[in-house]
Amino acid sequence: STSAEPDQYSRAVDWLGRYGYLPRPDPYTSQLLTKEGIEEAVRIMQRFGGLRETGKLDSETLKLMSKPRCSLPDIVGRDDILRRRRRRKR
Amino acid sequence: YALSGLKWDKTDLTWSIHSYPNPSTSPGLANNVVEDLLTRAFKAWSDVAPLNFHQLRRDSNGATAKGDIRVSFDSMFHEDGYPFDGQGGTLAHAFFPGTLDISGDTHFDDDEIWSYAGDSRSTDLFTVAVHEFGHALGLSHSSSDPSIMRPYYQGPVEDIAHFKLAMDDRLAIQQLYGVKDADRPGGDDPDFPRLPSPPPPRPTQHSDPSFQERCQGGFDAIGNIRGEVFFFKGAQFWRTQRDGSLVSLNPAQIKNFWIGLPEGTNKIDAVYERKSDSRIIFFIGSQYWVFKDTVAMAGYPRPLSDWGMKKKSGERVNRVDAAFIWAHNGKTYLFSGGEFWRFNENIENGQRTMQPEQGYPRENTLWEGMPAPIDGIISWGEGNTYFFKDNSYWMLTKGVLNQDDVTPKSIAVDWLRCPAPPSTSTPANPRFPKKCTCNFLG
């Protein structure tokens with residue numbers, strides 16, 4: 001579970017997608033982000049940012065998310081990697 | 001360090017400046033100072049790799065030459081898919097090397113207060129420029145500390161004149177272009193996976209049959225789930241993301257996505273995502289379901305009476321109109337008819353309380369100007385509360401129950417990517433239902 005308020009939570013999900021930690025929704029599969037998927041994305045973001053890996057939207061994590069930054073994603077090509085994996089499985 | 005997989009196939013690169021910081025936002029940063037800072041930022045990279053940067057200036061006709069790396073200061077939407085967001089937030093971005101027109105281009109947010117060696121309110125242009133030029137040369141974000149390629153702004157460097165790249169950044173640029181003064185400038189092709197080519201563009205699919213459904217409003221339930229807004233109508237639903245885009249113009253079928261609701265479900269009354277454990281709660285008639293992600297948990301449906309809601313008249317509540325968590329206090333609110341109940345769903349001593357708080361129900365009219373009964377309510381944006389009814393929505397600022405200006409707006413236009421209707425008439429204001437609304441033209 002997350003200690004963030006709903007607005008912080010939705011903002012964080014948007015932030016995680018924007019900077020490459022979560023896949024952007026695919027209109028062809030329309031999957032729902034799972035709680036575990038979001039927590040894992042938070043963990044990777046925390047690792048990348050040098051924070052303690054809790055998987056929770058704690059105050060340190062929200063603080064780092066609100067810091068001014070470069071617009072480019074931190075994880076590049078995650079969607080491409082997932083798409084390739086899916087294609088290979090098929 | 002991390003590499004983008006792209007690099008220039010030459011080491012002599014040209015750059016040009018196409019606009020300068022707005023003097024009213026960034027006073028004291030004259031054009032010649034900007035040029036000097038950017039020149040020094042390039043030098044940080046050419047000090048450690050066999051790269052040469054030449055600035056192209058305006059020609060005799062006043063036109064700015066193009067060059068490999070074009071620098072500009074832009075605001076908000078500037079037609080490259082990476083809109084800026086005013087002061088703070090995103091500061092700048094650059095495009096990786098390549099053969100496209102935009103490759104290498106570097107954009108700074110003109111709404112920032114740019115400076116050098118300035119105070120904490122301003123942003124150091126030199127520091128950000130070194131970072132962005134790293135992207136323009138082929139570097140991705142690094143998680144190392146220290147590294148100029150960390151994604152977050154780290155404040156100004158101590159001494160611009162003597163700035164030296166950290167080891168992580170030196171190794172990264174030398175991996176791409178070789179070591180300065182080495183026998184063979186340019187370096188070998190780096191040994192890392194190339195990004196796949198993007199899939200070919202697909203033609204836009206027209207969705208005429210669902211267009212009316214989506215754009216005429218009248219949703220059964222609206223919920224903020226996993227950071228997206230879900231609009232349920234009949235047996236289908238649409239999803240709007242935080243940036244305002246729809247996951248798809250075509251609706252998804254409830255039965256194909258939410259597994260465990262009864263066969264033939266064609267109306268959801270209310271839905272919300274529980275704060276304490278991210279479970280998703282659906283209300284249909286006098287029953288409710290708890291979902292873990294997209295699958296209903298065992299033991300559901302359960303009767304609505306579990307929630308202990310009774311009307312002021314003493315009757316049991318047999319349906320829920322809307323449910324949401326108010327960002328202001330983190331509590332859960334359920335609405336039915338003209339009344340609402342408040343719940344504290346935190347788990348205490350291993351137990352979740354399912355009883356409404358003392359003093360409830362209360363009248364919907366406490367939320368001044370909001371219609372009743374309501375189709376859906378969410379907390380969204382900066383914690384503001386959005387009320388949805390028919391094809392209109394109303395916004396109350398975070399924590400506020402009554403505010404002077406509550407103008408209804410169009411759900412279709414603002415949330416579901418529908419064209420604005422040709423009429424300029426304003427929807428009725430439920431706060432003053434019989435009062436005429438004059439617009440500027442009226």
Side-chain angles (χ1 to χ4, degrees), chain A residues 1-20 22 24-39 41 44-51 56-57 63-81 83-84 87, chain B residues 2 4-5 82 84 88-94 107 112 123 128 131-132 135 140-141 143 145 150-153 195-196 198-199 224-228 239 241-243 246-250 252 257 273 275-279 292-294 324-328 330 378-384 398:
Chain A
S1 68
T2 161
S3 59
E5 297 302 341
D7 59 316
Q8 292 173 320
Y9 175 55
S10 55
R11 235 179 298 169
V13 170
D14 177 60
W15 190 102
L16 292 165
R18 193 179 297 267
Y19 296 116
L22 281 173
R24 300 307 262 176
D26 178 344
Y28 297 95
T29 56
S30 292
Q31 289 158 325
L32 183 76
L33 297 170
T34 61
K35 176 175 170 268
E36 292 76 14
I38 295 173
E39 282 177 2
I44 297 170
M45 176 267 174
Q46 289 167 330
R47 192 182 314 149
F48 200 102
L51 301 180
K56 312 260 186 245
L57 292 171
K63 193 171 150 194
L64 190 59
M65 284 180 169
S66 67
K67 273 189 98 167
R69 57 162 292 152
C70 173
S71 324
L72 294 196
D74 301 337
I75 314 288
V76 181
R78 179 185 166 131
D79 286 0
D80 293 320
I81 293 165
R83 207 174 290 132
R84 255 188 307 174
R87 212 177 294 144
Chain B
S4 67
Y82 291 87
F84 286 127
T90 53
L91 303 176
H93 50 246
H107 302 160
E112 306 300 335
T123 308
V128 177
H131 174 102
E132 297 306 333
H135 288 314
S140 278
H141 283 152
S143 57
D145 187 11
R150 293 179 80 200
Y152 307 98
Y153 178 62
L195 290 174
N224 171 0
I225 301 170
R226 303 282 199 273
E228 295 177 11
R239 294 160 65 176
Q241 295 173 265
R242 180 96 185 167
D243 63 4
L246 280 170
V247 169
S248 172
L249 291 173
N250 294 312
F257 192 88
E273 181 178 346
K275 188 184 159 205
S276 55
D277 59 3
S278 295
R279 300 280 193 260
K292 181 184 183 300
D293 302 324
T294 57
F324 87 113
I325 296 174
W326 199 15
H328 167 60
I378 56 169
S379 278
W380 191 247
E382 303 302 308
N384 301 325
K398 185 174 185 178

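To find a chain, count down the sequence lines: A is the first, B the second, and so on, and within it residues start at 1. Note that the structure is predicted; figures quoted are calculated from it, not measured.
Looking at every heavy atom in both residues, Asp293(B) comes nearest to Glu36(A) through OD2-OE1, 3.5 Å. The heavy-atom pair separating Tyr152(B) from Met45(A) by the smallest distance is OH-CE, 3.6 Å. When all heavy atoms of Trp380(B) and Ser10(A) are compared, the pair lying nearest together is CZ3-CB, 3.7 Å.
If you tally non-hydrogen atom pairs under 4.5 Å between each of Pro151(B), Gly227(B), Gly383(B) and chain A, the highest count goes to Pro151(B). Heavy-atom pairs under 4.5 Å with chain A peak, among His107(B), Glu228(B), Gln241(B), at Gln241(B).
Residue Leu16(A): no heavy atom, backbone or side chain, is found under 4.5 Å from chain B. Only the backbone of Ala94(B) comes within less than 4.5 Å of a heavy atom in chain A; its side chain stays farther off. Proximity to chain B involves both the backbone and the side chain of Leu72(A), based on heavy atoms less than 4.5 angstrom apart. Looking at Phe324(B), neither its backbone nor its side chain comes within 4.5 Å of chain A, counting heavy atoms on both sides. For Glu112(B), no part lies near chain A; criterion is any non-hydrogen pair under 4.5 Å. Heavy-atom distances place no part of Asn384(B) under 4.5 Å from chain A, backbone and side chain included.
Residue Gln8(A) holds its CD atom at 11.0 Å from OG of Ser379(B), rounded to the nearest 0.5 Å. The NE2 atom of His135(B) sits 3.5 Å away from the SG atom of Cys70(A) when rounded to the nearest 0.5 Å. From Arg69(A), atom CZ reaches atom NE2 of His131(B) across 8.0 Å, with rounding to the nearest 0.5 Å. For the atom pair CZ (Phe48(A)) and NE2 (His141(B)), the distance works out to 7.5 Å, reported to the nearest 0.5 Å. Here the OG1 atom belonging to Thr34(A) is positioned 7.0 Å from the NZ atom belonging to Lys292(B), to the nearest 0.5 angstrom.
Judged as a ring pair (Phe, Tyr, Trp, His ring centres under 6.0 Å), and not counting sequence neighbours, the contacts of Tyr82(B) are His93(B), Phe95(B).
Between the Arg226(B) side chain and the Leu33(A) main chain, a donor and an acceptor come within less than 3.5 Å of each other.
Inspection of the Ser143(B) and Arg47(A) side chains reveals no N or O donor paired with an N or O acceptor under 3.5 Å.
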